[in-house]
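Have a look at the structure below, then the notes.
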Amino acid sequence: MAATIIYVIGVILGVKAVFEIINEPINLMGKIITIAFVLLTSWVGIAVYYLLLRGNLYKWFR
């Protein structure tokens, strides 16, 4: 039961992160790389996105 709840929370946060990345004013290749990183690395990717990448995407992928 707990594993299912953790899985659902991860999916919701992953989808939310993807929508935030799509709305960023960066180039298409930067969006693809970031979305692939977040989705392929699951919880680690979500944590890195929300802790490090979220405010710095525009600086990295102008």
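Start at 1 with the first residue, then count along the sequence. Computed from a predicted structure; not experimentally measured. Because only heavy atoms are used, hydrogens play no part in the values below, and waters and symmetry mates are left out as well, while side chains stay in.
Formation of a donor-acceptor pair under 3.5 Å by the Asn56 side chain with backbone atoms of Lys59 is not found in this model.
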Steps toward side chain to side chain contact (heavy atoms under 4.5 Å, CB included) verdict (Val38, Val48): CA-CA 8 Å; Val38 168; Val48 169; over 6 Å; no

Given side chain to side chain contact (heavy atoms under 4.5 Å, CB included), test Trp43 with Ile9 step by step and report yes or no. CA-CA 10 Å; Trp43 275 100; Ile9 291 171; 3.8 Å; yes

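With Ile21 as the partner, the side chain to side chain contact (heavy atoms under 4.5 Å, CB included) test is satisfied by one option alone out of Thr34, Ile32, Ile33: Thr34.
Note: Leu53 CG to Trp60 CH2 = 4.5 Å, rounded to the nearest 0.5 Å. Taking CZ of Phe19 as the reference point, atom CD1 of Ile35 lies at 9.5 Å (rounded to 0.5 Å).
The shortest non-hydrogen separation linking Ile26 to Lys31 is O-CE, 3.4 Å.
Residues passing the side-chain hydrogen bond (donor to acceptor under 3.5 Å, both in side chains) test with Glu20, sequence neighbours excluded: Tyr49, Arg54.
Hydrophobic clustering (ILVMFWY, side-chain heavy atoms < 4.5 Å, transitive): Leu40 and Val15 are in distinct clusters.
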